[in-house]
Amino acid sequence: MDKRKKGSSTELRLMIVGSSGTPQFLLTNAILGREEFPEDTTTISDSRKYIGELAGRRVAVVNAPNIYDKDISRPKRKRELRRSKCLCIPGPHAFLVAFDIEDISLNDMKAPKLLRKRFGRHCLRHCMVLLAYDGNLEGAALEKRVQKTDWYLRELVEKYNGRFQVFSKNWRDRSRDRELLQKIERMVASLGGGFFSSRTFQKAEDFVKKEEKRLRKKRSAEIEKAWTDLEKQIDEDKDVYTNNVGAEIRAKAEMNNGWLRTSLARGLGMGFVVGAIMGALFGSIEGPGGMVFYGIIGGAVGGSAGGTAHVAIKHMEDRVAPPARLNFNSIFINRFFAAPRP
C-alpha cells in the first residue's frame with residue numbers, strides 16, 4: 001500500500017529518472033553545481049547517490065540507470081532499481097523526471113506508466129518534469145513554449161499533474177536554483193510535507209537496517225580492538241608526557257632549591273659582616289664618622305660579593321674535592337689581613 005510519511009526538514013531527497021539520453025545526468029550536475037557526469041554521459045550501469053546543496057538546502061540526489069536502457073540486462077536493471085530505492089530510503093521527497101526540451105521521444109511519452117510500475121501507483125503525485133534547454137532563452141519564453149506552443153510538451157507535462165521546470169544544460173548557470181527549490185518545496189508541502197513511500201521502499205529500508213545490524217555485529221570485535229589500541233596509545237603518550245614534565249621539574253630543582261637558597265642567605269650575611277669590618281677599618285683613617293659611613297658601604301658590597309662567592313665556591317666544592325679544603329673565612333682573612341711584605 002502506497003502512503004506518504006513525514007520527512008526530514010533538513011535534507012531533501014531527490015530521485016532523478018529519465019527514459020533515455022543525457023538529461024537526467026545533466027540535471028544532476030545542475031542541481032549539485034558540479035560536474036559529477038561528463039557532458040556526453042548517456043547512461044550508467046549502476047545506481048549512485050550524491051550529497052550537495054541546492055540554493056543553500058542540503059540535498060541527496062539519487063541516479064538510477066535510464067528506465068528504458070536496453071544495454072543493461074533485465075536482472076541487472078532489477079537489481080539497480082532496488083539499489084536506487086535503498087539509496088533513497090526511507091523514500092524520496094520528489095521524483096524529478098528529466099527530458100530534453102528539443103528531443104521528446106515516444107519512450108518519454110510512455111514513461112509515466114513505467115514509473116508507476118517500478119516505484120508505486122501514486123508516485124506521479126510526487127513527480128515534476130524537468131526540461132533541459134541549451135542557450136540563453138528567457139524563462140518566460142520557455143514556459144510559454146511548454147504551455148501554449150508545443151502541444152507534445154504540454155501533453156507530456158499534463159501526465160505529471162502539470163508541474164514542470166526548465167533548467168540549463170550548463171551546470172554553471174545557477175540563475176534558476178532558487179526557483180527550482182521553491183517549486184519542489186511547494187509540491188512537497190502540498191502533499192502534506194512528507195516523502196513518498198511504498199511497500200518496496202519499506203522493504204528496502206528493512207533490509208538496509210538488517211544488513212547494517214549484521215555488519216555492526218561483525219565489526220564489533222574490530223571496533224573493540226580499535227578502542228583498546230587507542231587507549232593503549234593514550235597511556236603511552238601520557239607516560240611520555242609525564243616523563244618529560246618530570247625531567248623538566250628535576251632540572252629546575254637541581255638549579256634552584258632550598259639548600260642553595262640557604263647557602264646564598266648565609267653568604268650574604270657573612271659577606272655583609274666582613275664587608276662592614278673592612279669598611280670600618282678603612283673608615284677609621286677619617287675618624288669615627290668615616291668608620292660608620294664606610295662600614296655601611298662595605299657591608300653592602302661585601303654582602304653581594306659574599307653571596308656570589310659563597311655560592312660559586314660551594315658549587316666548586318660539590319664538583320671538586322681537593323686534598324685539603326680551605327675555609328672561606330681563612331681565605332678572606334689571609335688575603336686582606338696578611339702582614340704587608342717588607
Exercise. Measure the spacing between CG of Leu131 and CG of Asp150 and express it to the nearest 0.5 Å.
Key: 10.5 Å
Practice problem: Please confirm whether Phe164 and Phe99 have ring centers closer than 6.0 angstrom. | Solution: no
Self-check item: Enclosure of Glu39 CD (heavy-atom neighbours >12, cutoff 6.0 Å)
Solution: no
Quiz item: Are Leu130 and Val188 joined in one hydrophobic group, where the rule is that I, L, V, M, F, W and Y side chains link up if heavy atoms are under 4.5 Å apart?
Solution: yes
Quiz item: When rounded to the nearest 0.5 angstrom, what distance separates CG in Leu27 from CD in Gln165?
Solution: 10.0 Å
Quiz item: Lys49 side chain to Leu87 main-chain N or O, any donor-acceptor pair under 3.5 Å?
Solution: yes
Quiz prompt | Same cluster (ILVMFWY, side-chain, under 4.5 Å), Ile67 and Ile72 | solution = no
Quiz item: So how far is it from Phe167 CZ to Ile101 CD1, rounded to the nearest 0.5 Å?
Solution: 10.0 Å
Quiz item: Does a side-chain heavy-atom distance below 4.5 Å link Val129 with Val146?
Solution: no
Quiz prompt | N/O donor-acceptor pair under 3.5 Å between Asn29 side chain and Phe37 backbone | solution = yes
Quiz item: Would Glu248 and Lys252 count as a side-chain contact (heavy atoms from CB on, under 4.5 Å) if you check the C-alpha gap in whole Å, the side-chain angles of each, and the deciding distance to 0.1 Å?
Solution: CA-CA 6 Å; Glu248 182 182 348; Lys252 289 183 178 180; 3.4 Å; yes
Self-check item: Gap between atom NZ of Lys210 and atom NZ of Lys213 - 0.5 Å precision
Solution: 10.0 Å
Exercise. Check for a donor-acceptor pair, side chain of Arg178 on one end and backbone N or O of Ala55 on the other, with a separation under 3.5 Å.
Key: yes
Quiz item: Looking at Tyr160 and Ala111, what are the two nearest heavy atoms and their distance?
Solution: OH-CB, 3.6 Å
Practice problem: List the atom of Met15, the atom of Cys88, and the distance in Å for their closest heavy-atom pair. | Solution: CE-CB, 4.0 Å
Quiz item: So with a 6.0 Å cut-off around NZ of Lys113, is the heavy-atom count from everything else above 12?
Solution: no
Self-check item: Full working for salt bridge (charged side-chain N to carboxylate O under 4.0 Å, His left out) between Arg57 and Glu185
Solution: CA-CA 11 Å; Arg57 180 159 182 187; Glu185 289 178 332; 2.9 Å; yes
Self-check item: Hphob cluster co-occupancy, Val17 + Leu156, side-chain heavy atoms under 4.5 angstrom
Solution: yes
Quiz item: Would you say the side-chain atoms of Asn66 pair up with the backbone N or O of Thr42, donor to acceptor, closer than 3.5 Å?
Solution: yes
Quiz item: Are Leu191 and Val59 co-members of a hydrophobic cluster defined by side-chain heavy atoms under 4.5 Å apart?
Solution: yes
Quiz item: Shortest non-hydrogen contact from Met187 to His126?
Solution: CE-O, 3.3 Å
Quiz item: Do any N or O atoms from the side chain of Arg163 and from the backbone of Arg125 form a donor-acceptor pair under 3.5 angstrom?
Solution: yes
Quiz prompt | More than 12 heavy atoms of other groups within 6.0 Å of Arg34 CZ | solution = yes
Practice problem: Determine whether Pro90 and Phe195 make a side-chain contact, defined as any pair of heavy atoms from C-beta on separated by less than 4.5 Å. | Solution: yes
Exercise. Answer whether the closest heavy-atom distance between the side chains of Glu212 and Arg216 falls below 4.5 Å.
Key: yes
Quiz item: Is Pro38 close to Thr41 at the side-chain level, that is, under 4.5 Å between some pair of heavy atoms?
Solution: yes
Quiz prompt | Arg83/Glu80 ion pair, N-O < 4.0 Å | solution = yes
Practice problem: Nearest 0.5 Å please: distance from the NZ atom of Lys110 over to the NZ atom of Lys159. | Solution: 10.5 Å
Quiz item: Is a side-chain donor or acceptor of Arg174 paired with a backbone partner of Ala30 at a separation under 3.5 angstrom?
Solution: yes
Exercise. Using the side-chain contact (heavy atoms from CB on, under 4.5 Å) rule, take Lys78 and Arg74 through it: C-alpha gap first, then chi angles, then the decisive distance, then the call.
Key: CA-CA 6 Å; Lys78 183 177 181 179; Arg74 185 173 180 179; 5.7 Å; no
Exercise. Indicate if Val208 and Phe196 have the same hydrophobic cluster label, given that clusters are the connected sets of ILVMFWY residues with side-chain heavy-atom separations under 4.5 angstrom.
Key: no
Quiz item: Is the number of heavy atoms from other residues, nucleotides or ligands within 6.0 Å of OH (Tyr152) greater than 12?
Solution: yes
Quiz item: Given the rule in the salt bridge (charged side-chain N to carboxylate O under 4.0 Å, His left out) test, do Glu102 and Arg145 qualify, once you have shown the distances and angles that lead to the verdict?
Solution: CA-CA 11 Å; Glu102 301 293 347; Arg145 175 179 173 181; 2.9 Å; yes
Quiz item: Would you say Arg214 has more than 12 foreign heavy atoms packed within less than 6.0 Å of its CZ?
Solution: yes
Quiz item: Where do Ile51 and Glu11 land on the side-chain contact (heavy atoms from CB on, under 4.5 Å) test, with the steps shown first?
Solution: CA-CA 9 Å; Ile51 302 297; Glu11 181 180 82; 4.0 Å; yes
Quiz prompt | Carboxylate-amine/guanidinium proximity below 4.0 Å for Lys225 and Asp229 | solution = yes
Practice problem: On the 0 to 90° scale, with breaks at 30° and 60°, tag the Phe119-Phe95 ring pair as parallel, tilted or perpendicular. | Solution: tilted
Quiz item: Does any donor atom in the side chain of Asn170 or Ser168 lie under 3.5 Å from an acceptor atom in the other side chain?
Solution: no
Quiz item: Between Ser20 and Asn107, is any side-chain donor less than 3.5 angstrom from a side-chain acceptor?
Solution: no
Quiz item: Any side-chain donor-acceptor pair under 3.5 Å between Gln233 and Asp237?
Solution: yes
Practice problem: Could you check if a side-chain atom of Asp108 sits within less than 4.5 angstrom of a side-chain atom of Tyr68, using non-hydrogen atoms only? | Solution: no
Self-check item: Distance-minimising heavy-atom pair for Leu54 and Leu181
Solution: O-CD2, 3.4 Å
Practice problem: Would you indicate whether the side-chain heavy atoms of Ile31 and Leu180 approach each other to under 4.5 Å? | Solution: yes
Quiz item: Which pair of heavy atoms, one from Ile16 and one from Gln24, lies closest together, and at what distance?
Solution: O-OE1, 3.2 Å
Quiz item: In this structure, are over 12 heavy atoms from other groups packed under 6.0 Å from Arg82 atom CZ?
Solution: no
Quiz prompt | Pro65 to Ser45 - nearest heavy-atom pair and separation | solution = CG-C, 4.0 Å
Quiz item: CD of Glu36 to CH2 of Trp171: how many Å apart, nearest 0.5 Å?
Solution: 10.0 Å
